[in-house]
K.L.:
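Following this message is one structure expressed as structure tokens.
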Amino acid sequence: MESCNCIEPQWPADELLMKYQYISDFFIALAYFSIPLELIYFVKKSSVFPYRWVLVQFGAFIVLCGATHLINLWTFNTHSRTVAVVMTTAKALTAVVSCATALMLVHIIPDLLSVKTRELFLKNKAAELDREMGLIRTQEETGRHVRMLTHEIRSTLDRHTILKTTLVELGRTLALEECALWMPTRTGLELQLSYTLRHQNPVGFTVPIHLPVINQVFSSNRAVKISPNSPVARLRPTAGKYMPGEVVAVRVPLLHLSNFQINDWPELSTKRYALMVLMLPSDSARQWHVHELELVEVVADQVAVALSHAAILEESMRARDLLMDQNVALDLARREAETAIHARNDFLAVMNHEMRTPMHAIIALSSLLQETELTPEQRLMVETILKSSNLLATLINDVLDLSRLEDGSLELDLATFNLHAVFREVVQLVKPIASVKKLSVTLVMASDLPEYAIGDEKRLMQTILNIVGNAVKFSKEGSISVAACIAKTEPLLDARAPDFFPVPSESHFYLRVQVKDSGSGVNPQDIPKLFNKFAQNQSLANRNSGGTGLGLAICKRFVNLMEGHIWIESEGFGKGCTASFIVKLGIGGRSSEPDHRVVPLNRVQSNFPGLKILLMDDNGVSRMVTKGLLMHLGCDVTITSSADECLRVVSPEYKVVFMDVGSPGTSGYEVTRRIHERIPKRHERPLIIALTGNTDKATKDNCLRVGMKGVLLKPVSLEKMRSVLSELLERGSLRES
Amino acid sequence: MDVSQMQGQLIDYTASLFREGFLDDQFTQLQQLQDESNPDFVFEVVSLFFEDSERLLNDLGRALTQQIVDFKKVDAHVHQLKGSSSSIGAQRVKNACVAFRNFCEEQNTEGCLRCLQQVKQEYFLVKNKLESLFRLEQQILAAGGSIPMVE
């Protein structure tokens, strides 16, 4: 191509463009190669990338693109066929890979997008959980506060402390401005401000109990929001400038002991409530949260329980103080009573003697006077004196006896006596009077009634005499029967003593005596009073019979002392009367007869345990018998059959030596002499006793002469041996028997 | 027969022995010495008595048939026999021995021989009786009863 000479082109246009294309392609290739490297580097760093295969594809695509651009560099100029082929291959591959990648991305992009949505969702969830965590923590805090509060409240039993602590802790936990407690007054018609948190000394505010707001609170067991302007909430003069905080009120049941049923929670049937008012700080825009209200309710319940505990404690302390006072008073009374009894006893003891002495003098001298010469009037006077003084003496005796009986200081004189004789004597005593009144007295004694008994004869006779005497006294005509027998083991038909069962034993029996009379009888209603002291049957007919009225009382006490029972039956006036009593007596003086019974083999009676005895006897049988005898008595026997053997064995450890000297030829005396030589000391020497078949004087003298301590005649009985050994151990020798 | 019958029989037999003088109080003493630690005491003593007595009787027989009778020895034997029999309460044997001794003192051989016969007779009688007694006791024990004692 010819170039014109007019304008020189600045540059060869194709050359410059080519150059820039060249440079750009180069840089593109560079970038294309470095991007996958960076990608690989970063992916290797992060372990979580899920789409590696895509990345490989992407990498391949980029690399191939880069390769294409790089190969392009050679195609600007003429190039060989190889280059063209390489170029074509590269381009073809690039096309394949890029299409594949494009297709792949179609699958992947939706996933990648959804990842983002999930991330958002998780973030929201996390925020929500955080919120809930916060809530739970708050509740836990509240719970802790409640527990702490309860602990504080329950750690004391003092009412004031409980309430004060409640208010303080509530105030602290809930950050209250004011907290107040209104208690019902004694009348129950008003609520009185009893405790507050901030005020030190609450003035005696009262509000009537039947305000609607109060009723509203009392009717529900939840914490109720009330208006800050209600009378119970208006504790401070409102300044008017600020917004008072929200106020909540809750009822506190005041429980009594009787409210606690055994099986269920305390029924809220109590009518008495106290009112707790809580005020949030003003101007704080705080609201009462649900959990705070729950806290308040729980605390109110706990306070109720704590208060009731305190109340119970107060009551029990009061009761205890009361009991202590009563105790002291009783003690004093008891001591006074004792002093009185002592005083009376002293009085009686003195009077006993002092009264009896003059009485005796009067009676004795009057009787003597009676014996002298008297005019009829004088005689009458003396007789009256005698009769009256006898009566007085009986009265004194009865009174003194009774007081002794009541004291319990009377004791029975137990002895063996003739039971039959007692009855006979009583009958003899009353016969004169009875015959004067033309009354017949019969005595019936059961055949199995023992002749001898052990008991207090004098007092038994006194009792029988009293009863029979009463029968005679109160009968104007008819008959008196006295029956004595052994009581059977059956309950008495007397309703007043349903538990009295006379149970005989080997050594005791129960005597039953029944005295029936056909006299004036007794009104059944008066029967219980008969045994009372000084009670008299005040019917006209008996005015003159005299008597102290103490007789039956004394009888009753005697019978009781004898572990018995006495009672009277009567069907009414004019129908007679039956007096009966049962007493316990010992079975007297029976000797047991010998009987042939199968007796087991004898027991060993070791009277002389371990006593070492040496026996010398040349007769085998007799030796065996003596040995058996001594062993039976527990002795430790060594037998020898000859003098030599005896001398060999003898030593100070034997306490006694029994030596047979009967047979002629035995040198019993010789042995004795040798023993004396062998053991010269007296206290070491055993006591030597001779056993012999004949006890003539010569033998005895011989024995004693050689120094034997005694002589025994064979055969020796068990008892004899026992007594011999005892005597030997005690005295060291045998008495001449 | 049953135990109580046998016991009754024993009591009666024992009583008869006492009544007839075969045994005296010493035998009762022996019975009293029998106890748990010594359950066959009576039997042992009586057996020993039998042995001893038979030996003594033989010796006596021999001694009295010697040409020259050694009365001292005879007396010694009789003394032994008397001692034994009195130890167990064989009353009749003892009494016979007492008579025997008198003849010994008199050195009367005829009398001694006669007494020896007497003693032998009494001895065998009492031996018989005692053996029957023991047999009865064994029967009772075998039947499970216990020996009754007359207090």
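Keep in mind it's a predicted model, so treat the numbers as computed, not measured. Residue numbers begin at 1 in each chain, while the letters A, B, ... track the order of the sequences.
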K.L.:
Do you know which of B/S85, B/S84, B/G89 has the most heavy-atom pairs with chain A at a distance under 4.5 angstrom?
P.N.:
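The option with the most such pairs is B/S84.
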
K.L.:
Is B/L30 in contact with chain A via its backbone, its side chain, both, or neither, using a 4.5 Å heavy-atom distance?
P.N.:
side chain

K.L.:
Relative to chain B, which of A/V621, A/V625, A/V716, A/L629 shows the most heavy atom pairs under 4.5 Å?
P.N.:
A/V621

K.L.:
Quick one: do B/E20 and B/R92 satisfy side chain to side chain contact (heavy atoms under 4.5 Å, CB included)? Show the steps, please.
P.N.:
CA-CA 9 Å; B/E20 290 163 25; B/R92 281 159 94 154; 4.3 Å; yes

K.L.:
Would you confirm whether the ring centroid of B/F134 sits within less than 6.0 angstrom of the ring centroid of B/F43?
P.N.:
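For B/F43 and B/F134, the ring centres are under 6.0 Å apart.
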
K.L.:
For residues B/K73 and B/H77, determine if any side-chain heavy atom of one lies less than 4.5 Å from a side-chain heavy atom of the other.
P.N.:
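With C-beta onward as the side chain, the pair touches.
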
K.L.:
Which atoms of B/E44 come close to chain A, meaning under 4.5 Å heavy atom to heavy atom: side chain ones, backbone ones, both, or neither?
P.N.:
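Answer is both: backbone and side chain atoms of B/E44 are under 4.5 Å from chain A.
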
K.L.:
Decide whether a cation-pi geometry holds between A/K584 and A/F509; the criteria are a distance under 6.0 Å from NZ or CZ to the six-membered ring centre and an angle within 45° of the ring axis.
P.N.:
no

K.L.:
Less than 4.0 Å between a side-chain N and a carboxylate O, is that true for A/E677 and A/R674?
P.N.:
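No, A/R674 and A/E677 are not salt-bridged.
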
K.L.:
Tell me, out of B/L81, B/D52, B/I88, who's got the most heavy-atom pairs with chain A below 4.5 Å.
P.N.:
B/D52

K.L.:
Determine the option with the most heavy-atom pairs under 4.5 angstrom with chain A, choosing from B/E51, B/K82, B/Q29.
P.N.:
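Between B/E51, B/K82, B/Q29, the count favours B/Q29.
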
